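Just follow the structure's listing: the first ligand is 1, and inside any ligand the first atom is 1. Numbers here simply count residues along the sequence, with the first being 1. A quick note: this is a predicted structure, and the numbers were derived from the prediction, not measured. Heavy-atom basis, side chains included; hydrogens, waters and symmetry copies ignored.
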Amino acid sequence: MPTLAFSTDGSAARPLFLVKKEGLADWLAAQDEATRDWVGAAGFRAGVGEVLPLPGKDGVSGAVGGLGSRKDRARGRFLAAGLRGKLPEGVWRLACDLEGDELAEAALGWLLAGYRFDRFVSNAGPLAMLLAPEGVDAVMLERIACGEALARDLINTPASHMGPDELEAAARDLAGTHGMAVEVTTGAALPKRNLPMIHAVGRASSREPRLIDMSWGDSGPSLALVGKGVCFDTGGLNIKPGASMQLMKKDMGGAANVLGLAHMLMDSGAKIRLRVLIPAVENSISGEAFRPGDILDSRKGLTVEINNTDAEGRLVLADALALADEDRPDLIVSMATLTGAARVAVGPDLAPFYATDDNDAAVLEAAAKAVRDPVWRFPFWEPYERMIEPGIADLDNAPKGGFAGSITAALFLRRFVTDTPRYMHFDIFGWMRESAPGRPKGGAGQGIRALYRALPEMLE
Ligand code: BES
Ligand code: MN
Ligand code: ZN
């Protein structure tokens, strides 16, 4: 998407002054009298998203845009992104005193405001463009925008057009771009290759379940990314009520996020060995469906009693995690739209994550703050382990009582990571319920910009 890149044509770039509320008086004092009068007469207050074109001899010579107050910027991110759609077309350059992470946020926000999901309808006109501001790593910001856009596109594409087959095609597409090796195990081959739970969850659908296994790089520390690829979650025989099912095209949000992150890592030429594992299934209903009360074998050898077919994500992830664990990479990271409980706890804006290693958690938290991709650590709370132990099998996929649903899901997953020294898990929402600057309503990356920043330090 060209709107996700910076312009390289500076010949006619006009200045866009970015002004904070608390900096407005100083900025005005530095302007000529005509500008001061114009801005005063127009009532420009440097509020969030406020834009005022500045007159020049032959039309608009520049513009001033508001970044709001400190409180506004604490409450929202990418506030400069909201200016892009309001500016006249053409090329702009930033004129402001932002620097470091704050400048990068403004520039990335601008790029992200160029994201459009136009596969099914194209109603967007041309957009204003920006020269890369001096002092930012423009290539890196474009890479991040591209990875984020990939995640959004995959999530936004409805299950009618994003089943396991199409998710595999998207993964192969990314693999082709970066020279990744791809191996896919599909349908009846799943139990044969000892991936029984991926098969059990996906076998009711006419669209065959599969495990997508991709690898890249031949030296350096090793990282495995595992993403939940439930292309649609009906809940299975424990069917979801209509309102809860409405958004379930996004249940492959974990897969979308790890693919977006994988793009960022590979595009930057990271010196790592990367493996990406995506169990891609549809949790559907038919005579073949797995049932409440069934006991499933798993790759790890643990047996799992199914107490709710709607707790399917942990089942498909468990087999993928067990496989990743056999390699003993330095770090495994899983991402999944795993529980409604995570959303209830922190809402759609924060990505809950779990880490077995305190240093990994600290590094991630610092990175998340710097790039404004907020995360919140939840505990692998050992006393709750007994909640996932039912009695007639090793594990229960859906503990009764409704307590600590995100934690018990994370503890369940961790049972399948036994030989890898460090494990992190993200229980994400992956969706914007309403549009915010740079983040339109729809699919959303969560935690991947923070991870992209943090991983080099975590893996060094
Ligand atoms: N995909 C859902 C979780 C979900 C729901 C994520 C809404 C984001 C928004 C998952 O498969 C699920 O249904 N989980 C159940 C588990 C329960 C049955 C133990 C849940 O959270 O209700
Ligand atoms: Mn479910
Ligand atoms: Zn699900």
Side-chain angles (χ1 to χ4, degrees), residues 151 155 159 162-164 167 197-198 200-202 204-205 209 226-257 278-285 289-294 296 304-320 334-353 378 384 387-390 395-413 425-433 441-447:
I155 296 172
M162 187 52 65
L167 185 53
M197 294 207 294
I198 299 175
V201 171
S205 173
V226 181
K228 173 176 173 181
V230 174
C231 294
F232 194 79
D233 184 8
T234 64
L237 290 172
N238 292 111
I239 189 169
K240 286 180 185 291
S244 309
M245 206 190 296
Q246 186 62 42
L247 267 181
M248 282 300 119
K249 71 170 184 180
K250 80 174 170 79
D251 214 19
M252 32 59 72
N257 269 270
I278 294 174
V281 305
E282 187 173 354
N283 187 18
S284 202
I285 298 175
F290 74 127
R291 315 159 193 85
D294 282 357
L296 304 182
V304 180
E305 181 177 333
I306 303 306
N307 281 308
N308 193 322
T309 60
D310 197 8
E312 83 297 338
R314 67 198 73 186
L315 304 173
V316 299
L317 287 168
D319 274 353
S334 57
M335 305 192 88
T337 49
L338 199 60
T339 70
R343 170 203 57 189
V344 171
V346 297
D349 212 43
L350 264 175
F353 77 98
F378 281 9
Y384 295 164
M387 293 201 217
I388 58 173
E389 293 162 353
L395 291 170
D396 178 343
N397 82 322
K400 280 164 237 16
F403 288 103
S406 177
I407 295 177
T408 52
L411 289 171
F412 183 99
L413 296 182
H425 160 63
F426 289 74
D427 193 344
I428 59 174
F429 189 62
W431 189 262
M432 291 290 294
R433 290 152 65 245
K441 178 175 173 176
Q446 266 192 303

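- When side chains are defined from C-beta on, I306 does not count as touching D396, because their heavy atoms never get closer than 4.5 Å.
- In this structure, Y384 and L411 have side chains that are in contact, with non-hydrogen atoms separated by less than 4.5 Å.
- Taken from NZ in K441 to CZ in R433, the straight-line distance is 9.5 Å, to the nearest 0.5 Å.
- Contacts of ligand 1 (protein heavy-atom distance under 4.0 Å) are K228, D233, K240, M248, K250, D251, N308, D310, A311, E312, R314, T337, L338, T339, G340, R343, A398, F429.
- V230 places none of its side-chain heavy atoms less than 4.5 Å from the side chain of F232.
- For the pair D294 (side chain) and R291 (backbone), a donor-acceptor distance under 3.5 Å is present.
- For F378, the ring pair (Phe, Tyr, Trp, His ring centres under 6.0 Å) test picks out Y354, with sequence neighbours left out.
- Between P292 and N308, every side-chain heavy-atom pair lies at or beyond the 4.5 Å cut-off.
- When you scan the N, O or S atoms of E312 for the one nearest the Mn ion (ligand 2), you land on OE1.
- Here the side chains of I239 and M245 are in contact, with some heavy-atom distance below 4.5 Å.
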Quick one: do D233 and N283 satisfy side chain to side chain donor-acceptor pair (under 3.5 Å)? Show the steps, please. CA-CA 5 Å; D233 184 8; N283 187 18; 2.9 Å; yes
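- Between O of D310 and OD2 of D233, the angle at the Mn ion (ligand 2) works out to 170°, rounded to 10 degrees.
- Judged as a side-chain hydrogen bond (donor to acceptor under 3.5 Å, both in side chains), and not counting sequence neighbours, the contacts of D427 are T339, S406.
- The Zn ion (ligand 3) has K228 NZ, D233 OD2, D251 OD2, E312 OE2 as its protein N, O or S neighbours under 2.8 Å.
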